[in-house]
Amino acid sequence: MSDNQNLLAEQRRALILDEVRRRGGVRVNELTRRLNVSDMTVRRDLDALARQGMVEKVHGGAVPVSEPSAHEPGFEAKSALELSAKEDIARAAAEMAAPGSAIALAGGTTAFALAQRLLDVPDLTVVTNSVRVADVFYTAQRAAAGGGGPRPGSATVVLTGGVRTPSDTLVGPVADAAIRSLHFDVLFLGVHGISVEAGLSTPNLAEAETNRHFVRSARRVVVVADHTKWGTVGLSSFASLDQVAVLVTDSGLSAAARAEFAELPPELVVAGEEPADADI
């Protein structure tokens, strides 16, 4: 069977991982039919996911790996997951950034996707502790300068100092001190996990403290997180759900999770779906 050339390897592996998590396990022959690829391709994909610690290979397929609460995947490992969901979330969240406002963008791959959408919002002041997010704006500004000067309305970007985490986020006392002295109209915050009991959490203790300062310095907190984050609990909680104004997620959020959210303070925005009260 010839391989399906319409899917990049990262996209195909993200689909496989989502299927493993959603169903609790998959078989190789099921994946070959679903993805229209060869048996060899599926086995290579499972090998790659197993090397990254994302799945555990078993006879004839794969099952999920239960991550310890202190495990923190690197940026590259997370960037290949839930690609379409992150794009949908980024488009929806970008509409919440008003021209001329001061915003904060915490680290993570969803915030990275959002940063690319915010390039079109004029006159932003952006404070971030993400090396990757800052580079999105710096790269755009360098490209504009090559064309004869900075683009009118391009963002002013402030990158906090700090100690770098596996997610390419800067944390620790230097970052905390910088954030404490500032005030943001909106904080866009990616998270490792969300739950009713634990609120927002992360496996990195220093990052939890830095995120607490972000939350305290923001007038409005918007969490950007795909559906796989619901029910995940990291080592350290840093905010309760009543401190969140809006959760922007994707259409993969389960009916049970949506029912739970109906009883919680944050507004729920499901990217890519029409609001329930939209005109027909």
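Remember, predicted model here, so these are calculated numbers, not experimental data. By convention here, the first residue in the shown sequence is residue 1.
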Item to check | Candidate pair V191 and T232, rule side chain to side chain contact (heavy atoms under 4.5 Å, CB included), full reasoning | outcome: CA-CA 10 Å; V191 296; T232 297; over 6 Å; no
Checklist entry - Has the side chain of D123 got a donor or acceptor atom that lies under 3.5 Å from a matching backbone atom of P99? => result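 Answer holds: no.
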Checklist entry - Can you check whether F112's main-chain N or O pairs, donor with acceptor, with Q116's side chain at less than 3.5 Å? => result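 Checked: pair present.
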Under-4.0 Å salt bridge between [X] and [Y]:
X	Y	result
E209	R212	yes
D47	R44	no
R117	E95	no

Does a side-chain heavy-atom distance below 4.5 Å link [X] with [Y]?
X	Y	result
D39	R43	yes
V126	L118	no
L264	V196	yes
L189	V222	no

Item to check | Selection residues 238-269 - residue pairs positive for ring pair (Phe, Tyr, Trp, His ring centres under 6.0 Å), sequence neighbours left out | outcome: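 Residue pairs with at least one partner in residues 238-269: W230-F261.
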Checklist entry - Does any pair with a residue in residues 85-111 pass ring pair (Phe, Tyr, Trp, His ring centres under 6.0 Å), and if so which ones, sequence neighbours excluded? => result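 Qualifying pairs, neighbours excluded: none.
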Item to check | Closest non-hydrogen atom pair between V186 and M96, with its separation | outcome: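 Taking V186 first and M96 second, the nearest heavy atoms are CG2-O, 4.2 Å.
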Checklist entry - Pick one: which of L105, I179, V221, V215 meets side-chain contact (heavy atoms from CB on, under 4.5 Å) with F184? => result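 Output: one option passes, namely I179.
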Next on the checklist: Can you tell me if R34 has over 12 outside heavy atoms packed within less than 6.0 Å of its CZ?
Outcome noted: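 Atom CZ in R34 is not crowded, with 12 or fewer foreign heavy atoms closer than 6.0 Å.
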Next on the checklist: Hydrogens and angles aside, do N129 and T160 bring a side-chain donor and acceptor to less than 3.5 Å of each other?
Outcome noted: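 No, T160 and N129 have no side-chain donor paired with an acceptor closer than 3.5 Å.
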For residues 239-246, dump all side-chain donor-acceptor pairs below 3.5 Å to protein atoms at least two apart in sequence or in another chain.
unit_1 : atom_1 : unit_2 : atom_2 : d
S240   : OG     : D242   : OD1    : 2.3
S240   : OG     : Q243   : OE1    : 3.4
Q243   : OE1    : S240   : N      : 2.9

